[in-house]
Number of protein chains: 2
Amino acid sequence: MQSVQEVTATMRAKGLRATPQRQCIIRLLQDNHSHPTVESLYEEALGEMPTISQRTVYQTVHDLESLGEVRLLDLGTGSLRVEPNLENPHHHLACIVCGRVVDIPVEFPGLRVPDDYLGGFSVDTVEVVFRGRCETCT
Amino acid sequence: MQSVQEVTATMRAKGLRATPQRQCIIRLLQDNHSHPTVESLYEEALGEMPTISQRTVYQTVHDLESLGEVRLLDLGTGSLRVEPNLENPHHHLACIVCGRVVDIPVEFPGLRVPDDYLGGFSVDTVEVVFRGRCETCT
DNA sequence: GACCTTATCAGCATTCATTGCTGATAAGCA
DNA sequence: TGCTTATCAGCAATGAATGCTGATAAGGTC
Ligand SMILES: [Mn+2]
Ligand SMILES: [Mn+2]
Ligand SMILES: [Zn+2]
Ligand SMILES: [Zn+2]
């Protein structure tokens, strides 16, 4: 995602207000490679804004998704995960025990659906998910 | 998955009983490439067994998973999907609108995590999910 | 066929992540 | 300043999945 300044400018341009809550979430997502859940973002935000509500965090990440600033991943870990790193396309390795998600910033060439199997589908995205156990869960 | 006879034999060998309900589910999964949800399996089973409970279907697919006869996929379509085709490893193409899932029986060579990125993880599975819209949802 | 054990069923309750709703308050920004 | 939108609290509702219970049914073994 872009810088706090850029994202807030984008929000204003779209008629959204750059509230402290939203700026807080945006800040927490800057250079964040932990793929946080909404819950964990909320916990962190509470440190700075003791009255922020979980509902606002949900709303904000959805707003950011609509603006194309983040993606919301469902990697089968039980809850949504926020992906702010859209600049560098990559794949993921998820721990089936604790849900930890790390990036696999590797391109896999030739990763597309052969025409014979398309069957009328139009493909938007490809996602490669490796699953296993992280060091602490082994 | 194996034939009804083989699966029931496996169940008995493990001390599980080959009840009509279980056999019904197993039969419904034979050569089934629709990646059914538990709900849809249940609806279908109701045709043959009007008193079968959804709970029993849940239990049975988990039993079958423990026996290694099926896999339970979470492809982000909202509910579990039962994959009885373990003989032919393949990937999936899912419709983000209706949840339809079709097979992409293609191997993508070189699809593994580079050692540099493993970071202590031990990898069990790889899953490639293509997402898009099916013909009827376009 | 008898008996022990397990499965099923109905019928709820519960969990968990997420969304919805509401009315009052706060605050962004033109 | 004033219009409009966001936030908040707080609670309800959703939907998929699991848990629980006591009674009944029935599988498999001898
Ligand atoms: Mn990532
Ligand atoms: Mn499949
Ligand atoms: Zn882990
Ligand atoms: Zn569709």
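Residue numbers begin at 1 in each chain, while the letters A, B, ... track the order of the sequences.
The distance from atom OH of Y58(B) to atom P of dA16(D) is 7 Å, rounded to the nearest whole Å. Nucleotide dA26(D) holds its P atom 14 Å from the CD1 atom of I52(B), rounded to whole Å. Rounded to whole Å, the distance from CD on Q23(A) to P on dT7(D) is 11 Å. In this structure, the CG atom of D74(A) is 13 Å from the C1' atom of dA16(D), given to the nearest Å. If you take CZ of R17(A) and C1' of dA30(C), they are 10 Å apart, rounded to a whole angstrom. For L46(A) and dC8(D), the CG to P distance is 10 Å, given to the nearest whole Å.
Rounding to the nearest 0.5 Å places OG of S34(B) at 8.5 Å from CG of L29(B).
Residue contacts for Q59(B): at a heavy-atom cut-off of 4.0 Å it reaches the sugar-phosphate backbone alone, with no base atom in range. Here R55(A) lies in heavy-atom contact (under 4.0 Å) with a base. Residue G15(B) is out of contact with every strand shown, counting any heavy-atom pair closer than 4.0 Å. Using a 4.0 Å heavy-atom criterion, one finds that R12(A) contacts the sugar-phosphate atoms exclusively. T51(A) comes within contact range of the sugar-phosphate backbone alone, with a heavy-atom separation under 4.0 Å but no base atom that close.
Ion pairing of E65(A) with R71(A) is absent here, as no side-chain N (NZ or NE/NH1/NH2) approaches a carboxylate O to less than 4.0 Å.
Taking the side chain of T56(A) as heavy atoms from C-beta on, and the options dA7(C), dA17(D), dC8(D), the nearest nucleotide is dC8(D). Checking dA16(D), dA7(C), dC9(C) against the side-chain heavy atoms of R22(B) singles out dA7(C) as nearest.
Put simply, T19(A) has a side-chain N or O that comes within less than 4.0 Å of OP1 or OP2 on dT7(D).
If T37(B) and T60(A) are placed on DNA chain D by their nearest nucleotide, the residue sitting closer to the 5' end is T60(A). Residue order along DNA chain D, read from the 5' end via each residue's closest nucleotide, puts S53(A) first among S53(A) and P20(B).
Between H92(A) and H90(A), the ring planes are perpendicular. Angles over 60° get that label, and only those under 30° would be called parallel.
In the hydrophobic clustering of ILVMFWY residues, with side-chain heavy atoms under 4.5 Å counting as a link, V123(A) and L111(B) come out together.
Around atom CD of E43(A), more than 12 heavy atoms belonging to other residues, nucleotides or ligands sit under 6.0 Å away.
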